[in-house]
Amino acid sequence: MEQNQPQQRRAADQVFQESLEQLEDILQESSTEEEEMPELHTSTFTEVELDQDLTDIDLEALEDAVADIEKYLDEITKTKLG
C-alpha cells in the first residue's frame with residue numbers, strides 16, 4: 001500500500017495543479033472583463049463591492065478545485081476497495 005502513495009500523491013498533485021490553473025484562468029478572465037468595462041460603469045462600484053465580487057469568484061473556483069480533488073480521492077478509494 002505504501003508503494004502506491006508516491007503515485008497517488010503525484011496524481012493528486014496533478015489534479016490540484018490543474019485546479020489551480022483553472023482558478024488562474026478564471027481570475028484572468030475576470031480581470032479582463034473588468035478592464036473592458038467602461039470607466040463610467042466601474043466608478044459606480046465601491047471598493048468593498050469589488051472586493052466582495054472578487055471573493056465570490058475565488059470561492060467558486062476554490063470550490064471547483066475541492067470538488068475535483070474529492071472526486072479524484074473517491075475514485076482512488078473505489079479502485080482500492082473494488
Side-chain angles (χ1 to χ4, degrees):
M1 187 193 309
E2 291 179 18
Q3 293 175 346
N4 290 334
Q5 284 184 345
Q7 292 173 344
Q8 292 172 352
R9 288 180 181 167
R10 274 188 235 112
D13 180 55
Q14 183 178 0
V15 170
F16 183 70
Q17 292 296 330
E18 290 172 4
S19 296
L20 287 178
E21 288 172 10
Q22 290 175 357
L23 172 61
E24 185 177 67
D25 291 343
I26 290 168
L27 292 175
Q28 286 176 352
E29 287 174 12
S30 172
S31 67
T32 301
E33 289 172 3
E34 287 176 12
E35 290 172 6
E36 293 173 357
M37 297 173 80
E39 192 64 36
L40 181 60
H41 185 63
T42 56
S43 65
T44 61
F45 290 111
T46 66
E47 218 173 293
V48 172
E49 288 172 332
L50 288 174
D51 287 343
Q52 289 173 344
D53 187 43
L54 291 175
T55 301
D56 290 342
I57 293 169
D58 289 346
L59 290 176
E60 288 176 24
L62 289 175
E63 287 173 352
D64 288 344
V66 169
D68 289 343
I69 292 169
E70 287 176 342
K71 179 181 174 185
Y72 172 75
L73 293 175
D74 285 343
E75 289 174 4
I76 288 176
T77 303
K78 288 178 186 177
T79 303
K80 283 184 177 180
L81 297 176

Check your understanding: Out of curiosity, does L73 fall in the hydrophobic cluster containing F16 (side-chain heavy atoms, cut-off under 4.5 Å, transitive links)?
Key -> yes
D25 meets the side-chain contact (heavy atoms from CB on, under 4.5 Å) criterion, sequence neighbours left out, with Q28
### Evaluation steps, side chain to side chain contact (heavy atoms under 4.5 Å, CB included), between Q8 and I76
CA-CA 8 Å; Q8 292 172 352; I76 288 176; 3.7 Å; yes
Taking atom OH of Y72 as the centre, report whether more than 12 heavy atoms of other residues, nucleotides or ligands fall under 6.0 Å from it. yes
Is L27 reachable from L62 through a run of hydrophobic residues whose side-chain heavy atoms are each under 4.5 Å from the next? yes
Q) Hey, mind stepping through I26 and E60 against side chain to side chain contact (heavy atoms under 4.5 Å, CB included) and telling me if it holds? A) CA-CA 10 Å; I26 290 168; E60 288 176 24; over 6 Å; no
Check the hydrophobic clustering (I, L, V, M, F, W, Y; side-chain heavy atoms under 4.5 Å; chains of links allowed) and say if I69 and L20 are grouped together. yes
The side-chain contact (heavy atoms from CB on, under 4.5 Å) partners of R10 (sequence neighbours excluded) come to P6, Q7
